[in-house]
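Note: hydrogens, waters and symmetry copies are ignored here, and every other heavy atom, side chains too, is used. In what follows, residues are counted from 1 in the order of the sequence shown. Quantities reported herein were computed from a predicted structural model and do not represent experimental measurements. Each ligand, and each atom within it, is numbered from 1 in the order the structure gives.
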Amino acid sequence: MASVYFTPGPAQLYPTVAGHLQNALDQQVFSQSHRSQAFKDLYRRADEGLRALFGLPQDYAIYFTGSATEIWERSLQSLTSERTYHLVNGSFSKKYLDHAKWLGRDAQVLQVPFGQGFAIDQVQVPAGTELLAITQNETSSGVCVPVADIHLLRERNPEPLISVDIVSGAPYAPLDFSQIDMAFLSVQKGFGLPAGLGVWFVNERCRTKAAQLEGKQYTGGHHSIASLQDQYQGFQTPSTPNVLDIYLLAHVVEDMLAKGLDVIRQETEAKAQQLYGFLEESALFSPFVQEKAHRSPTVIVADVLERPAAEIISILKKQGNIVGSGYGAFKDKQIRIANFPAISGQEVEGLIQLLKRL
Ligand SMILES: *Cc1c(COP(=O)(O)O)cnc(C)c1O
């Protein structure tokens, strides 16, 4: 019997993926040229779906890259020459910061302990900051930045470009894209697709800044905002893209639109409530994130009390439920449970029943 993957990426595939994949194979989609009209139509279809799902303002462009990791680097190369500012509260936000340092940027940081979120009144973005980097959902610790806080940061900081990592919060997080300048995701988390595709939303302000820097410094090799934008105008990509993932994304986005993002959000919240409710009452587990407003609805991290986390993970695995281990130093003490749209309410209920019997 197939297992249920509660892992925070790669994750459980969205239920419609298998059917779409078979259709693509039947239509020989993966042998078609990425310069063909068929590919341009596919890119346009994905573009239209993503715009509708995320409510993107007109001026946004949508680019495809190899991964979200690539977008950390490309965004810094294409949009900054000197100073960046990072909100760091876990491993993924820290990696965005690391990339800025590797590129020699004057990378400033507000860092809070693992498991904590940001008191938004304490965020003081220095003058001259070109890019403010926010990780909306810290997959390592299960802490989210409430979207209202991101909107408030825009209000208080009109100058810097605001870049938001929505890799493990999308499509759930109701972010207003008119209040930020760019966002990005990779598809193996909330979209429930095979890994290997980064999706980058870039507004006009970003493109203007990128154009100013173009030619003055290294703005990013085979992928840069300039090269991606150049190709995007004809719904193409600089290099041969991951057509498989673009095809699946275009179709899964349409499935999500048909279901309704409101419904997906309600379901996500209901499942999250069930999981956190269980963790609070359990003698064996407790929610790692103390501040309720900062508890991620999409990646739920639990402290395992008294028993080794590996033992719990192994018992659950034998019962066909794959949960994630804690991140880094928390490997032995925590489990992580992804609550992405691909996971049904029934599957969450099933997991809770197993956890109760431990
Ligand atoms: C997984 C993840 C990434 C990196 O995604 P890749 O596809 O491995 O590049 C970046 N940010 C967050 C928050 C993530 O969860």
Could you check, using the six-membered ring where one of them is a Trp, whether [X] and [Y] have ring centers closer than 6.0 angstrom?
{"X": "Phe64", "Y": "Tyr232", "answer": "no"}
{"X": "Phe54", "Y": "Phe177", "answer": "yes"}
{"X": "Phe191", "Y": "Phe340", "answer": "no"}
{"X": "Phe114", "Y": "Tyr327", "answer": "no"}

Before signing off on this row, confirm whether [X] and ligand 1 have an N or O atom pair separated by under 3.5 Å.
{"X": "Phe92", "value": "no"}
{"X": "Trp72", "value": "no"}
{"X": "Glu70", "value": "no"}

Suppose we measure from [atom] to each protein heavy atom; which comes out shortest, and what is that distance?
{"atom": "atom 2 (C) of ligand 1", "value": "Lys189 NZ, 2.6 Å"}
{"atom": "atom 13 (C) of ligand 1", "value": "Thr139 OG1, 3.3 Å"}
{"atom": "atom 11 (N) of ligand 1", "value": "Asp165 OD2, 2.7 Å"}

Query raised in the report: With a 4.0 Å heavy-atom cut-off (strictly under), which part of Thr69 contacts ligand 1: side chain, backbone, both or neither?
Result: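 Near ligand 1, Thr69 shows its backbone as well as its side chain.
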Query raised in the report: Which bit of Ser186 is near ligand 1, meaning a heavy atom under 4.0 Å away: side chain, backbone, both or neither?
Result: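 Near ligand 1, Ser186 shows its side chain, while the N, CA, C and O stay back.
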Query - Interatomic spacing from OG1 in Thr84 to NZ in Lys101 - rounded to 0.5 Å - result: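 With rounding to 0.5 Å, OG1 (Thr84) is 9.5 Å from NZ (Lys101).
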**Report entry** Tyr63 side chain to Thr237 side chain, donor-acceptor N/O pair below 3.5 angstrom
**Finding:**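 No pair is found: no donor N or O on one side chain lies under 3.5 Å from an acceptor on the other.
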Query raised in the report: Would you call Asp98 and Lys94 a salt bridge, taking side-chain N to carboxylate O under 4.0 Å as the test?
Result: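 A salt bridge links Asp98 with Lys94.
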**Report entry** NZ/NE/NH1/NH2 to OD/OE distance under 4.0 Å, Lys271 and Glu347
**Finding:**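 Glu347 and Lys271: not salt-bridged.
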Compute the minimum heavy-atom distance from [X] to ligand 1 and say whether it is under 4.0 Å.
{"X": "Tyr96", "value": "no"}
{"X": "Asn137", "value": "yes"}
{"X": "Gln188", "value": "yes"}

